[in-house]
2 protein chains.
Amino acid sequence: MNRSNTGANLPALRNHNAALVLDLLRAAGEEGISRLELAERTGLTPQAVSKITGRLRDEGTATEAGRRASTGGKPRTVLKLVPSAAHAIGLHLDRDELSAVLVDLAGTLVGARTVPLDLGAEPARVVEAAAAEAEALTGGRRVLGVGVAMPGPLDHDSGVLHRVTGFPHWSGFPLRDALAERLGQKVFLDKDTNAAALGLALRADTRAESFAYLHLGSGLGAGLVLGGALHRGARTGAGEFGHQTILLGGPACGCGGRGCIEALCLASVARGDIAAAARFLGVGAANLVGLLDIDAVLLGGRKVAADEETFVRGVNAVVEERALRGGAPAIPVRAAAGGPHSVAEGAAQLVLVPVFGRANVAYP
Amino acid sequence: MNRSNTGANLPALRNHNAALVLDLLRAAGEEGISRLELAERTGLTPQAVSKITGRLRDEGTATEAGRRASTGGKPRTVLKLVPSAAHAIGLHLDRDELSAVLVDLAGTLVGARTVPLDLGAEPARVVEAAAAEAEALTGGRRVLGVGVAMPGPLDHDSGVLHRVTGFPHWSGFPLRDALAERLGQKVFLDKDTNAAALGLALRADTRAESFAYLHLGSGLGAGLVLGGALHRGARTGAGEFGHQTILLGGPACGCGGRGCIEALCLASVARGDIAAAARFLGVGAANLVGLLDIDAVLLGGRKVAADEETFVRGVNAVVEERALRGGAPAIPVRAAAGGPHSVAEGAAQLVLVPVFGRANVAYP
DNA sequence: TCCACTTAAGCAACGCTGTTGCCAAAGTGC
DNA sequence: GCACTTTGGCAACAGCGTTGCTTAAGTGGA
């Protein structure tokens with residue numbers, strides 16, 4: 001259940017409704033949305049919407065932008081988000097590269113920087129490098145916070161890293177708090193696959209409330225969006241997809257197990273048999289779709305990008321066959337959209353999520 | 001993200017806070033809880049808690065029950081839920097049996113009836129039989145609604161059945177609305193595995209925010225509780241666990257696939273090799289634990305009950321080994337508690353969930 | 001051109017929420 | 001017996017969305 005455990009008072013109620021309206025304004029994009037439509041969609045009275053949008057306009061977060069055609073009376077006024085009213089920074093710390101982006105309230109990329117990074121260096125030096133990139137992008141703008149995405153495992157709630165694969169000295173380092181203190185900004189930390197999935201969840205072209213993002217690069221991982229929200233699990237460990245067993249007693253995997261999807265996929269890719277890799281991935285995807293009843297499967301990662309069509313076709317074939325067998329409707333399998341900074345952009349969305357009321361709790 | 005899509009006003013805020021307090025009162029059980037502790041746990045001010053509990057006492061839902069020892073000042077007054085203030089009915093429609101229970105606000109079993117049922121009969125007759133059982137249990141008490149659990153597939157949101165396996169004439173029947181009209185009560189419909197999981201989620205001895213309930217009977221299914229709420233998926237299809245592939249190219253399953261957990265498990269059970277069945281179940285459980293990062297795995301169903309210890313031990317061994325391999329803490333694997341009416345009791349909880357604010361949306 | 005009608009949106013008064021400031025009640029312990 | 005601590009209710013209050021009404025801004029027929 002996606003629920004709040006804390007009591008609510010008038011300011012909380014006000015934030016809740018304002019976030020709801022802002023989320024609709026964001027979804028409306030350039031087209032805008034009228035006050036009455038906001039009222040219908042939120043269930044609030046038109047008068048309440050007028051008050052809320054009035055406050056947003058006073059803040060500078062929303063603005064009037066034209067009118068619709070009349071339907072026999074006074075035409076509706078169109079309201080739009082003012083994306084430049086605030087910004088967020090997203091950082092993607094990868095093994096050998098640091099990607100930093102600045103996005104506006106609408107999530108649009110405003111600036112980006114990429115520099116080499118040695119994740120094996122001392123934590124303090126990495127923090128300093130990350131902070132420098134963030135500051136270089138800020139440029140006097142109103143920045144709400146900084147989102148950081150990196151390879152797991154880590155703990156989203158406490159902002160502490162665990163044993164980052166290959167870099168044992170990161171274990172237990174409180175990256176979120178260290179960066180927050182250095183920058184004087186709110187900082188949010190999450191796994192790279194989660195950030196990527198969040199970024200996809202908020203793209204206008206991904207209209208799915210629930211989906212799985214499967215990332216096949218040097219490893220295989222997943223980001224899960226369930227009911228519009230990231231599912232992180234109890235210890236930010238959710239999305240461990242690569243080491244699902246699909247072939248008992250199968251070939252050995254680096255993890256110590258046998259018949260893991262990752263091992264089967266990567267071996268097939270290494271052999272050049274992309275169709276076989278896609279089928280293995282499809283079996284895991286079909287398991288996942290059946291278990292969670294999601295709306296879509298999105299594929300990404302370097303290995304997928306190298307032969308998108310074969311992967312999409314192969315995964316789709318397995319998922320579709322399994323759905324038909326179970327009498328369920330088939331769900332779409334697509335390649336994930338997104339450019340070279342998609343993970344960093346998703347990280348920036350970690351900052352924007354609470355602004356638009358899409359946090360795991362309805363009341364902050 | 002577990003979030004509300006609708007606007008909130010003062011009555012909604014009041015309901016939200018009252019439900020929060022009621023939930024804490026329920027969790028406190030016979031021991032009770034003081035006003036100040038309620039204030040700490042909810043984040044509300046003591047005065048707000050006094051007002052809310054005052055209203056609950058006026059309604060008859062809560063009552064004062066003794067005091068704690070003094071800590072140097074006026075001793076705290078203990079408040080308790082009055083379980084008999086309202087009741088809920090739960091119905092479990094199984095293939096050959098109808099189990100009906102009456103539970104109080106605390107979820108305690110107050111009455112139960114079991115009669116034979118032919119799920120293959122005409123829907124109208126089944127509705128009538130269900131309604132008669134519900135009425136026989138009511139007995140002039142204040143009943144908040146009726147929860148119905150039955151084998152899927154079905155749609156929880158619309159309350160309509162799909163092609164119930166083996167009973168094609170149920171397809172498309174609006175069971176929820178038919179029963180609601182016949183009884184003049186609110187009715188909630190869900191899958192049997194979901195009801196069982198919900199019942200477990202609300203038992204005092206299951207202290208897990210997120211867990212999977214794996215049910216091995218004539219088939220194999222799962223109920224998922226994530227972050228304290230049932231995860232039903234987009235079409236109430238979540239929990240399709242039996243037909244997860246764990247052995248590519250394995251033995252054929254009745255579903256048309258190969259190497260499904262269900263087929264492997266049931267074949268082992270039929271051979272009398274319970275340890276092997278447990279290992280197969282364990283592989284599926286380990287996949288699930290890794291994917292969702294849950295806190296516990298609970299096992300139930302007739303086949304499990306026949307040799308609980310072997311199943312728990314076998315599943316635990318696989319789950320534990322996988323967790324250690326991934327560097328994650330091991331999570332408990334246990335047999336699900338619950339008596340002969342546990343599914344019907346969980347169905348009754350479908351009615352109580354909104355009362356205690358544990359619905360999927362924070363604001364109803 | 002005018003006027004009746006429709007639709008949009010703000011103003012003002014209102015009921016009700018949790019909060020704040022204060023005080024009475026009910027204990028402990030020197 | 002008195003000072004102190006802690007609980008918990010009373011009363012006044014700020015602020016939320018709602019309600020009732022008015023004004024603004026269009027359409028379309030006479």
Side-chain angles (χ1 to χ4, degrees), chain A residues 4 6-22 25 32-59 62-80 357 362-364, chain B residues 4 6-22 25 32-59 62-80 357 362-364:
Chain A
S4 151
T6 58
N9 50 22
L10 289 178
L13 182 138
R14 172 188 171 138
N15 280 344
H16 172 84
N17 287 341
L20 227 53
V21 169
L22 274 174
L25 284 170
I33 186 169
S34 69
R35 286 178 181 81
L36 277 134
E37 203 179 338
L38 287 169
E40 277 173 34
R41 300 276 290 269
T42 56
L44 294 168
T45 59
Q47 181 60 24
V49 171
S50 273
K51 283 189 179 180
I52 293 166
T53 55
R55 288 197 297 260
L56 295 176
R57 282 167 52 202
D58 288 345
E59 278 177 26
T63 186
E64 296 194 345
R67 352 188 102 183
R68 295 245 184 280
S70 165
T71 58
K74 179 174 173 177
R76 300 184 173 188
T77 311
V78 173
L79 298 170
K80 289 205 303 197
Y363 275 145
Chain B
S4 152
T6 57
N9 50 22
L10 289 180
L13 182 138
R14 171 189 172 135
N15 280 344
H16 172 83
N17 287 341
L20 228 53
V21 169
L22 275 173
L25 284 170
I33 186 169
S34 70
R35 287 180 180 80
L36 272 106
E37 202 180 338
L38 286 170
E40 275 172 36
R41 300 276 291 268
T42 56
L44 294 168
T45 60
Q47 182 59 21
V49 171
S50 272
K51 283 189 179 178
I52 292 167
T53 54
R55 289 197 296 260
L56 295 177
R57 283 168 53 202
D58 289 346
E59 278 177 27
T63 186
E64 296 194 346
R67 355 188 100 183
R68 295 241 184 281
S70 166
T71 59
K74 178 174 174 177
R76 299 185 173 184
T77 311
V78 173
L79 299 170
K80 289 205 304 196
Y363 275 144

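Below, chain A is the first sequence line, B the second, and so on; all start at residue 1. Only heavy atoms go into these numbers, but all of them, side chains included; no hydrogens, no water, no symmetry mates.
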Taking atom [atom2] of [N] as reference, at what distance in whole Å does atom [atom1] of [X] sit?
{"X": "B/Asp58", "N": "D/dG9", "atom1": "CG", "atom2": "P", "answer": "11 Å"}
{"X": "A/Leu44", "N": "D/dT18", "atom1": "CG", "atom2": "C1'", "answer": "11 Å"}
{"X": "A/Leu13", "N": "D/dG17", "atom1": "CG", "atom2": "P", "answer": "6 Å"}
{"X": "A/Asn15", "N": "D/dG17", "atom1": "CG", "atom2": "P", "answer": "10 Å"}
{"X": "A/Ile52", "N": "D/dG15", "atom1": "CD1", "atom2": "C1'", "answer": "13 Å"}
{"X": "B/Leu36", "N": "D/dT5", "atom1": "CG", "atom2": "P", "answer": "17 Å"}
{"X": "A/Arg14", "N": "C/dT19", "atom1": "CZ", "atom2": "P", "answer": "16 Å"}
{"X": "A/Leu79", "N": "C/dG10", "atom1": "CG", "atom2": "P", "answer": "9 Å"}

Per [X] side chain, nearest of listed nucleotides [options]:
{"X": "B/Arg55", "options": "C/dA12, C/dG18, D/dT6", "answer": "C/dG18"}
{"X": "A/Gln47", "options": "C/dA8, D/dT7, D/dG20", "answer": "D/dG20"}
{"X": "B/Leu10", "options": "D/dT7, C/dC16, C/dA9", "answer": "C/dC16"}
{"X": "A/Asn9", "options": "C/dA8, D/dG9, C/dG18", "answer": "C/dG18"}

| query | Counting distance only, does the side-chain N/O of B/His16 pair as donor-acceptor with the main-chain N or O of A/Thr6 below 3.5 Å? | reply | yes
| Whether A/Asn17 side chain and B/Ala8 backbone form a donor-acceptor pair below 3.5 Å | yes
| request: Identify the two heavy atoms, one from A/Thr45 and one from A/Ala39, that lie closest to each other, and give their separation to 0.1 Å. | output: C-CB, 4.2 Å
| query | Is the number of heavy atoms from other residues, nucleotides or ligands within 6.0 Å of CZ (A/Arg35) greater than 12? | reply | yes
State whether [X] places a side-chain N or O below 4.0 Å from either non-bridging phosphate oxygen (OP1 or OP2) of [N].
{"X": "B/Asn17", "N": "C/dG18", "answer": "yes"}
{"X": "B/Ser34", "N": "D/dT7", "answer": "no"}
{"X": "A/Arg35", "N": "C/dG10", "answer": "yes"}
{"X": "B/Arg67", "N": "D/dT7", "answer": "no"}
{"X": "B/Thr45", "N": "C/dG18", "answer": "no"}
{"X": "A/Ser50", "N": "C/dG10", "answer": "yes"}

| note | By nearest-heavy-atom nucleotide on DNA chain D, the more 5' of B/Lys51 and A/Ala48 is B/Lys51
| note | Of B/Glu64 and A/Thr71, the one whose nearest nucleotide on DNA chain D sits closer to the 5' end is B/Glu64
| task | Name the nucleic acid region contacted by B/Pro46, choosing base, sugar-phosphate or nothing; use a 4.0 angstrom heavy-atom cut-off, strictly under. | result | nothing
| Nearest 0.5 Å, what's the CG-NZ distance between B/Leu25 and B/Lys80? | 11.0 Å
| At what distance, to the nearest 0.5 angstrom, does NZ of B/Lys51 lie from CG of B/Leu56? | 14.0 Å
